[in-house]
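Every chain is numbered from 1, with letters handed out A, B, ... down the list of sequences.
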Protein chains: 2
Amino acid sequence: MAKKIVHSKEDVLNTEAKIKQAAQAVFMRKGYAATRTRVIAEESGINLALINYYFRSKENLFNLVMLDCMKGFIGGLKQILNREDLSLEEKLGEIVAHYLSMFKSQPDLPLFILHEIRHNPNGIVNTLGMKQTLTKSHFYQQLKAEGPPKIDPMHFLMNIIALTVFPFIASPLFKIVGDLDDANYMKMMNDRKKLIPIWMKQMLQK
Amino acid sequence: MAKKIVHSKEDVLNTEAKIKQAAQAVFMRKGYAATRTRVIAEESGINLALINYYFRSKENLFNLVMLDCMKGFIGGLKQILNREDLSLEEKLGEIVAHYLSMFKSQPDLPLFILHEIRHNPNGIVNTLGMKQTLTKSHFYQQLKAEGPPKIDPMHFLMNIIALTVFPFIASPLFKIVGDLDDANYMKMMNDRKKLIPIWMKQMLQK
DNA sequence: GTCTATAATTCGATAGAC
DNA sequence: GTCTATCGAATTATAGAC
């Protein structure tokens with residue numbers, strides 16, 4: 001675990017970090033099979049042979065990148081779920097806002113992760129303790145404290161994630177159907193920060 | 001390899017149809033870049049060279065398959081949206097049931113299409129008249145007839161599709177989180193046939 | 001650590017016999 | 001229409017000089 005401490009100057013990355021950064025961008029944009037190591041080399045400004053020197057193989061590099069992506073995807077969620085200063089409804093708003101900003105800078109991230117989960121369900125996903133992250137969270141306690149459940153917590157979880165994530169996954173489709181440009185679409189996504197908590201709270205009522 | 005011994009349904013198809021059928025299965029399972037034409041040849045039981053004889057190139061074959069998939073995906077929806085014997089709420093139930101049975105036999109279909117839309121937004125999607133399919137449907141008239149909109153029709157559309165499709169896309173994830181086997185998960189999906197229309201109707205109220 | 005050159009393999013596509 | 005055999009290009013990975 002002994003690693004060089006990276007200072008806040010982001011322009012000065014070592015070779016290994018440069019490769020990893022570029023690899024994440026290319027893998028996310030093109031997927032594993034369509035990614036060429038030559039493109040990673042070009043975008044990171046390093047020599048092609050150095051990819052294998054630092055990471056042994058394309059597959060190994062991909063696994064490291066994917067692990068980082070999943071940790072980032074879940075880590076932020078975990079923090080919100082466990083904030084004890086927020087009500088259930090406030091947490092829902094925070095979750096939507098969190099993924100809003102995340103997908104704004106990384107629009108290909110959700111499909112990238114969902115594709116990996118589907119084609120390798122017994123891979124990295126299981127090692128992340130997804131289940132305990134949820135069931136041992138402050139959020140889960142709040143949900144149970146709502147009294148006798150008007151809605152199956154599993155359905156509730158599906159719905160909050162579906163309403164938040166899916167409009168980003170299918171954004172090209174909805175832009176066409178709704179005749180929306182990027183600015184108008186982002187405005188709609190911002191509106192959902194307030195709307196989704198309202199809809200979700202309605203599901204808790206009978 | 002003995003091929004013509006068993007007379008199953010696939011043997012009555014001509015060569016072109018055999019290739020197309022196998023190609024759809026492989027493309028959907030692996031994606032375009034990870035698909036090998038040799039695998040298509042094996043799974044369809046035909047000679048490798050015949051793929052190029054009938055379809056000129058792998059890319060051309062893919063475009064035909066993708067067009068079929070999208071037509072199937074949208075065609076069924078279009079029929080439901082225009083059924084004049086169903087109320088708004090009944091239509092919602094039919095939509096969920098429709099995609100439930102579709103994804104049961106083709107679990108990779110939604111991600112396959114969403115990936116194509118994202119990486120080629122100006123391709124096939126625009127030629128299908130997605131926008132008019134919706135805005136000129138009987139469903140859309142019913143939605144407007146609900147009176148002054150309590151919810152933006154675009155948000156309403158996003159939500160019904162998100163609640164229906166996303167649980168299938170992310171099924172491997174939810175199975176892990178909820179400790180569910182295939183049977184239990186399908187039971188949950190069946191429950192959503194009744195639940196989603198209820199949730200959607202709540203969104204229409206203030 | 002970084003580079004050039006190349007090995008080793010795989011893939012899409014085609015030529016030509018039948 | 002279908003087959004065998006193979007080409008040519010592209011890709012990952014490595015050997016070896018510096």
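- The CZ atom of R56(A) sits 14 Å away from the C1' atom of dT12(D) (whole-angstrom rounding).
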Polar atom pairs (N or O), protein with nucleotides 4-8 of chain C, under 3.5 Å:
residue : atom : partner : partner atom : Å
dT4(C)  : OP2  : N47(A)  : ND2          : 3.4

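- No more than 12 heavy-atom neighbours from other residues, nucleotides or ligands sit within 6.0 angstrom of CD on Q79(B).
- Looking at N60(A) and N63(A), their side chains never bring a donor and an acceptor atom within 3.5 Å of each other.
- Note on T37(B): every side-chain N or O is 4.0 Å or more away from OP1 and OP2 of dC11(C).
- Taking the ring centre of Y32(A) as origin, the terminal cationic atom of K58(A) falls inside the region bounded by 6.0 Å and 45° from the ring axis.
- No donor-acceptor distance shorter than 3.5 angstrom exists from the side chain of K193(A) to the backbone of V96(A), with no hydrogens or angles considered.
- Across K187(A), K104(A), K175(A), a single residue satisfies salt bridge (Lys or Arg N to Asp or Glu O under 4.0 Å) together with D182(A), and that is K175(A).
- Rounded to whole Å, the distance from CZ on F55(B) to C1' on dG12(C) is 16 Å.
- The aromatic rings of H115(B) and H115(A) are tilted relative to each other, their planes meeting at an angle between 30° and 60°.
- Protein atom CD1 of I46(A) is 13 Å distant from nucleotide atom P of dG1(C), rounded to whole Å.
- The side chain of T15(A) places no N or O atom within less than 4.0 Å of a non-bridging phosphate oxygen (OP1 or OP2) of dG1(C).
- One can place CZ of R36(A) at 12 Å from P of dA13(D), the figure rounded to the nearest angstrom.
- With rounding to whole Å, L50(B) atom CG is found 13 Å from dT14(C) atom C1'.
- Going from atom CD of Q21(A) over to atom CG of D68(A) covers 11.5 Å, rounded to the nearest 0.5 Å.
- Using modelled atom types, no side-chain atom of N120(A) and backbone atom of E116(A) make a donor-acceptor pair closer than 3.5 Å.
- Separation of atoms CG (L50(B)) and NZ (K18(B)) is listed at 10.0 Å; rounding is to 0.5 Å.
- Per the geometry, OH belonging to Y53(A) stands 17 Å off P belonging to dG16(D), to the nearest Å.
- Distance E16(A) CD to dG1(C) P: 8 Å, rounded to the nearest Å.
- Less than 4.0 Å separates DNA chain D from no heavy atom of any residue of residues 23-31 of chain A.
- The residue among Y54(B) and N52(A) whose nearest nucleotide of DNA chain D is located toward the 5' end is Y54(B).
- Put simply, CD1 on I51(A) is 14 Å from C1' on dC3(C), counting in whole angstrom units.
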